[in-house]
Amino acid sequence: MDKQGAIKIRLEKLRQCMKKDSIEAVLVSKRENYIYLSGFTGTSASLIITQERAVLLTDFRYIEQAGNQAGLFEITEYKGETAPAIGKSLKELGIRQVAYEHDFISCHEYEELLKNAEGIEFIPLKDLISKLRMIKDEYEIQQIIKAVEIADNAYTHILGYIKPGVAEIELAAELEYFMKKNGATGPSFETIVASGVRASMPHGVASEKKIEAGEVITLDFGALYNCYCSDITRTVFLGNPSPELKNIYKIVLEAQLAALESAVTGITGKELDGVARKIISLNSYGESFGHSLGHGVGLEIHEKPRVSPHSDIVMEENMVATIEPGIYVSGLGGVRIEDMVVFKGNKPMILTKSPKEPIII
Ligand SMILES: [Mn+2]
């Protein structure tokens, strides 16, 4: 499926939902949402979509790019502030009520919109677009597969760089350099390299600390490819780990493999999270697994569906999520293992290919 074909179907689905919910028009200004619905990847645009019209407003910097990328949209150039341009367009289109991204635009922007669109009613869009984005189409899955592949290759590459005396930040730089040389536009989030006792911090962003023999190292990173994210975590040992860390690794891996087995369509986020959490708790590390099992990944690094103890969402075919249990012990270190999967009936498509047996460098 080509990109334009995919976008056409996404717009049709959005319009069906709008009809069902009696929404006359939607206003989209969140970047991931306008990329999804129009194909335009610049950093500033607003979309106004009705049953009949699809308008993309942007400024001088992006007119040419928008024309090239957003073939299904009428492109409107504006000068100056955004809100007056949106207000003018809404009036010209004869719109009486518009659904806006209430969870994205700021209070100030909202006030400006109201000021510039007298007589037009603003209603919250709720999770209409994020729900559509949960189910990935073929084009999206292809981009995600490529983003995961780049990260997998970067992991293999970085293993050769892990040695005593190398700083976490050097490893992060090498990972990011490798990913960009291999087709990524950048990292999908700030690279985490947490060594030694720092590995007890689930989000220990790479620091100037030098890695020493005998330490555990958690690497959590991802590639951004054609606007789609990947996310992988591996934990490796530089020299022989302590028996406790070795045992923690074994438990996390067992929990991760069990969760992958259970990653079937029809399971809820809560149930899936529970599969891994139960194993970790039975091994008395329940308190040390303080985050969710996973999260959706796509145009955003963290999106729906959540795989957490609070998530009632039912997993459906072609949802994409991470499975990433971890155990963190302050003063000792931590272990996390993370793969990305596509939900497919009774057996997930596991995208991440990097090995998970404990590696002692
Ligand atoms: Mn993750």
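All heavy atoms count here, side chains included; hydrogens, waters and symmetry mates do not. Ligands are counted one by one from 1 in listed order, and the atoms in each one are counted from 1 as well.
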Asks: I'd like to verify the contacts: list protein N, O or S atoms under a distance of 2.8 Å from the Mn ion (ligand 1).
Replies: D231 OD2, H295 NE2, E324 OE2, E338 OE2

Asks: Got a list of side-chain donor-acceptor pairs under 3.5 Å for residues 199-206, not counting sequence neighbours?
Replies:
unit_1, atom_1, unit_2, atom_2, d
S200, OG, V197, O, 2.9

Asks: Name all residues meeting the side-chain hydrogen bond (donor to acceptor under 3.5 Å, both in side chains) criterion together with N283; count only those two or more places apart in sequence or in a different chain, and write none if there are none.
Replies: none

Asks: Are F178 and V166 connected into the same hydrophobic cluster when the rule is that any two of I, L, V, M, F, W, Y join if their side-chain heavy atoms are below 4.5 Å apart?
Replies: no

Asks: In this structure, would M18 and L132 fall into the same cluster of hydrophobic residues linked by side-chain contacts under 4.5 Å?
Replies: yes

Asks: Please determine whether a side-chain nitrogen of the Lys or Arg among K126 and D21 lies less than 4.0 Å from a carboxylate oxygen of the Asp or Glu.
Replies: no

Asks: Excluding sequence neighbours, so at least two apart, what forms ring-ring contact (aromatic ring centres under 6.0 Å, His included) with Y139?
Replies: none

